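Report on the structure given below.
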Amino acid sequence: MLRLQGERRMDPVITRFPPSPTGYLHIGGARTALFNWLFARHNRGKFILRIEDTDVARSTEASIKAILDAMEWLGLGWDEGPYFQTQRLGFYREYLQKLLDAGKAYYCDCAPDDLEKRRQAALAAGRKPKYDGLCRDKGLQYAPGRVVRFRCPEMGTTVLNDLIKGPIFFENAELDDLVLQRSDGMPTYNFAVVVDDITMNITHVIRGDDHVNNTPRQILIYQALGVPLPQFGHVPMILGEDRTRMSKRHGATSVMTYKEMGYLPEALINYLVRLGWSHGDQEIFSLDELIEKFSLEHVGKSAGVFNQEKLLWVNAHHIKDKPPEKLVPLVEPFLLDLGFSRKPPHYLSKAIRTLQPRVRTLTEMAEAMRFYMVDDVEYDPVAAKKFLRPNLQEPFQRIIASIEGLETFDELNLEIVFKQVADTLGVKLGKLAQPVRVALTGVTVSPGLFEIIDVLGRETVLKRLRRAMAYMSAA
RNA sequence: GUCCCCAUCGUCUAGCCCGGUCCAGGACACCGGCCUUUCACGCCGGCAACACCGGUUCAAAUCCGGUUGGGGACGCCA
């Protein structure tokens, strides 16, 4: 066995991500997928996508699509698949027969509610609620409605040499005769995973911590089948603020919700990978860097709390890093959502550049772009009252005249013009800047004045300044 | 109840395997300051942790044992 494991290590790495299509792709699943993907990419191996749809009642087409969409958005491409377990029933039947023939599995006709009663009774008596082995030696043959159970060794110890957690020991006596095939002929999770991982030549099973207790059962099945084990690595779970398993009550858990909230996939990935994995003190990683640096050795053992604030910071960072022209198609949908009409990409790109250091999400970006998008800005009442005062008509007139006469309309010359006007008037630039800002944006907070003017263009700027003057005289 | 896992600032973490260089480093958040036409960004500074008890050792965040706390699993779900 040791020798076989040694040989296996030399094989090309093959990992897989096996979601069950019973809902959207959530944050925890995404991180598991990411770790598997990174591990495969880092080792120049293969990453397989497998849909575990043996729970026919709960699996849906919509979920499959939602999961695939999310994987695609994250950029986690797969090399094989998606495979569907419901299309691989032949494999499970074949392996099940091997177990049956070897006497390592048996038919059982215990009724579900009967089983439940016995479980409750065991629990009440302070015992472990495991299958009591009633049908174990009945020698039952196939009959419709009967399940097949695994004959679990009653003695001995099973060792899981976890890549992340180290060796973990389980007493076989703690385990029970789990169901391998349901009464409807479908394989159960624990059996299907093993058969799939064997037949797909999976070398590394990287999955959530919550599967640790399933692993000894699976190892026992591998052993009963006489095949070598893959390597197992159990990554710690992601917890909510209250340190319990993350769920909807902790806020958004669906990957696609983060897309809708204006997060960049590279930011979500960056955040998720750092939640449980580290590379010294580094916080920001590009995808290529992650592929190069990722390793299971630096995955921590303890569960981590999902922190929105930090995600926001990581997202802000990636927004700043991205070339504005690449951001254009990404913010456009958000702009449209707000009801703004389309603008040329070149214009959008310049506008975006001024806001990159000031926003944390694409949603914030779109909202902050309002004054770049509308024809006439709406004045914030408080801002207008404070800054658009009648005594500013004269300065505004001067600014308008200077801008009209400007030969080269750019940031540098604009700054010179404003400083000149301020000097002549004997006031500080700030005295002029805020009113102009309100005139141009309607609010008191915005990117630098000269960048705004540069983006907006002479026509629009003059129009807005004149409109502000009209407002002042009316006040 | 039983089994399994985990335990460094509020949060994510470095350090732990190979004890001394750690009166514990980085990041988020928070609080000051600088920069400045506003707001951000950026920069500088501050607050803040080795869960507890015992053992081993000249020396323990690091090794060992226990306690406590937290999480997970006990399905004809995955």
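A, B, ... follow the sequence lines: proteins, then strands. Residue 1 opens every chain. What you are looking at is a predicted structure, and each value in this text was computed from that prediction instead of being measured.
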For His234(A) and G71(B), what is the distance between atoms NE2 and C1' respectively, to the nearest whole Å?
-> 15 Å

Calculate the interatomic distance between Asn214(A) atom CG and A73(B) atom P; express it in whole Å.
-> 9 Å

Quick one: does Asn307(A) reach the base of A29(B) with a side-chain donor-acceptor pair under 3.5 Å?
-> no

Distance-only donor-acceptor test (3.5 Å): side chain Gln282(A), base G26(B) = no

Is the closest basic N to carboxylate O distance between [X] and [Y] below 4.0 Å?
X: Lys165(A); Y: Asp209(A); result: yes
X: Asp114(A); Y: Arg118(A); result: yes
X: Arg358(A); Y: Glu451(A); result: yes

Taking side chain to side chain donor-acceptor pair (under 3.5 Å) as the test, write out the residues that go with Gln181(A), two or more places apart.
-> none

Residues two or more places apart in sequence or in another chain: which of them pass side chain to side chain donor-acceptor pair (under 3.5 Å) with Arg467(A)?
-> none

Please figure out whether Phe306(A) or Thr244(A) has its closest RNA chain B nucleotide nearer the 5' end.
-> Phe306(A)

Walking RNA chain B from its 5' end, the first of Arg245(A) and Tyr189(A) to be reached, judged by nearest nucleotide, is Arg245(A)

Parallel, tilted or perpendicular for His317(A) and Trp313(A), by the 30°/60° rule?
-> tilted

So Tyr471(A) and Tyr379(A), would you call those rings parallel, tilted or perpendicular, with 30° and 60° as cut-offs?
-> perpendicular

Please list each protein N or O that sits under 3.5 Å from an N or O in nucleotides 3-6 of chain B, with the distance.
unit_1	atom_1	unit_2	atom_2	d
C5(B)	O2'	Lys165(A)	NZ	2.8

Can you tell me the Watson-Crick or wobble partner of A61(B), both distances under 3.5 angstrom?
-> none

For G45(B), what is the paired nucleotide under Watson-Crick or G-U wobble rules, both distances under 3.5 Å?
-> C31(B)

Could you encode protein contacts along nucleotides 30-45 of chain B as a string, one character per nucleotide from 5' to 3', using B for base contact, S for sugar-phosphate-only contact and - for no contact, with a heavy-atom cut-off of under 4.0 Å?
-> -------BBBBS----

Ignoring hydrogens and geometry, is there a side-chain-to-backbone donor-acceptor pair from Arg398(A) to Ala401(A) under 3.5 Å?
-> no

For the pair Arg274(A) (side chain) and Gln282(A) (backbone), establish whether a donor and an acceptor sit closer than 3.5 Å, ignoring hydrogens and angles.
-> yes

Closest to the Pro129(A) side chain, choosing from A14(B), G72(B), G1(B) = G1(B)

Of the nucleotides C76(B), C12(B), G25(B), which has the atom closest to the Asp281(A) side chain?
-> G25(B)

P spacing across the pair U38(B) / G26(B), given as an integer number of angstrom = 31 Å

Should the heavy atoms of other residues, nucleotides or ligands under 6.0 Å from NZ of Lys350(A) be counted, would the total exceed 12?
-> yes

Within residues 268-279 of chain A: residues closer than 4.0 Å to RNA chain B (heavy atoms) = Arg274(A), Leu275(A), Gly276(A), Ser278(A)

Do Tyr106(A) and Asp177(A) meet the criterion of a side-chain donor-acceptor pair at a distance under 3.5 Å?
-> yes

Tell me whether the OP1 or OP2 atom of C74(B) has a side-chain N or O from Arg119(A) closer than 4.0 Å.
-> no

Which residues satisfy the ring-ring contact (aromatic ring centres under 6.0 Å, His included) test with Tyr92(A), sequence neighbours excluded?
-> none

